[in-house]
Amino acid sequence: MSPMSEPAPASPMLTGLKRGLLHRCPNCGQGRLYMRYLKVDPECEACGHHLGEYPADDGPAYFTILLVGHLFVAPLLFLPWIWQASPFIVAPVTLIPLAALTLLLLPRVKGGVIGALWAIRMKKAEDAPS
């Protein structure tokens, strides 16, 4: 087989991001990433990779706020009814979808961050508190 016919190996960053966005172990892509909504499983059930050693910390929350702010809030401010309607109507009509979108995106963004940390091999320091 010639070298030109073989598919190029996927970038570890793209692989990690894709697997993280799908809530899968970035190492094998088979095991689940979370035990609960945002609680990372300490170890992959499929390959035994230590998932709890990636310091996602506050990054996913910041990225989620950035995404939701730019994709939902900013365009909303250009709609005239936001400025003309009663605040008692605008608040629930905007805040309920905003909260739902934020809660939907947060675990996916956290998975993507953990996948990116896996790709660059960034782990918690051994002496860092858990």
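Since we're looking at a predicted model, the values are computed, not measured.
Between atom CE of residue Met35 and atom CG of residue Leu51 there is a gap of 11.0 Å, rounded to the nearest 0.5 Å. Summarising the geometry, atom NE2 belonging to His50 is positioned 10.5 Å from atom CG belonging to Asn27; distances are rounded to the nearest 0.5 Å. In this structure, CG on Leu33 lies 10.5 Å from CG on Leu21, to the nearest 0.5 angstrom. One finds the CZ atom of Arg19 at 7.0 Å from the SG atom of Cys28 (value rounded to the nearest 0.5 Å). Rounded to the nearest 0.5 Å, atoms CG (Asp41) and OH (Tyr34) are 11.5 Å apart.
Smallest separation of non-hydrogen atoms from Met13 and Ala119: CA-CB, 3.5 Å. Lys124 and Gly52 make their closest contact through NZ-O, 3.6 Å (heavy atoms, listed as atom of the first residue, atom of the second, distance). Contact between Leu105 and Thr64 at its shortest, heavy atoms only, is CB-CG2, 4.1 Å. Of all non-hydrogen atoms in Pro60 and Val109, the two that sit nearest each other are O-CG1, 3.6 Å. Minimum heavy-atom separation, Ala74 to Phe78: O-CD1, 3.4 Å. For the residue pair Leu17 and Ala116, the shortest heavy atom distance occurs at CD2-CB, 4.1 Å.
You'll find the side chain of Thr15 stays beyond 4.5 Å of the side chain of Pro26, heavy atoms only. Between Pro97 and Phe72, some side-chain heavy-atom pair lies under the 4.5 Å cut-off. By the 4.5 Å heavy-atom criterion applied to side chains, His23 and Arg32 are not counted as neighbours.
Residues passing the side chain to side chain donor-acceptor pair (under 3.5 Å) test with His49, sequence neighbours excluded: Tyr54. Partners of Lys123 under the side chain to side chain donor-acceptor pair (under 3.5 Å) rule, at least two apart in sequence or in another chain, are Glu53. Partners of Ile96 under the side chain to side chain contact (heavy atoms under 4.5 Å, CB included) rule, at least two apart in sequence or in another chain, are Pro92. Shown here are the salt bridge (Lys or Arg N to Asp or Glu O under 4.0 Å) partners of Glu43, two or more places apart in sequence or in another chain: there are none. Residues passing the side chain to side chain contact (heavy atoms under 4.5 Å, CB included) test with Val90 are Trp81, Ile82, Ala85, Thr94, sequence neighbours excluded.
In the hydrophobic clustering of this structure, Val113 groups with Leu67; members are Ile, Leu, Val, Met, Phe, Trp, Tyr whose side-chain heavy atoms approach within less than 4.5 Å, directly or through other members. By the rule that hydrophobic residues join a cluster once side-chain heavy atoms approach within less than 4.5 Å of another member, Met122 and Phe63 end up as members of one cluster. If you chain together hydrophobic residues whose side chains sit under 4.5 Å apart, Phe88 and Leu98 never meet in one group. Cluster annotation: Leu95 and Val73 are assigned to the same hydrophobic cluster (Ile/Leu/Val/Met/Phe/Trp/Tyr, side-chain heavy-atom contacts under 4.5 Å, transitive). Residues Leu79 and Leu101 share a single hydrophobic cluster, defined by chaining ILVMFWY side chains whose heavy atoms lie under 4.5 Å apart.
A donor-acceptor distance shorter than 3.5 angstrom exists from the side chain of Trp83 to the backbone of Leu77, with no hydrogens or angles considered. Distance alone, capped at 3.5 Å, is enough to place a donor-acceptor pair between the Arg108 side chain and the Leu104 backbone.
Chaining together hydrophobic side chains whose heavy atoms lie under 4.5 Å apart places Leu38 alongside Tyr37, Leu103, Leu106.
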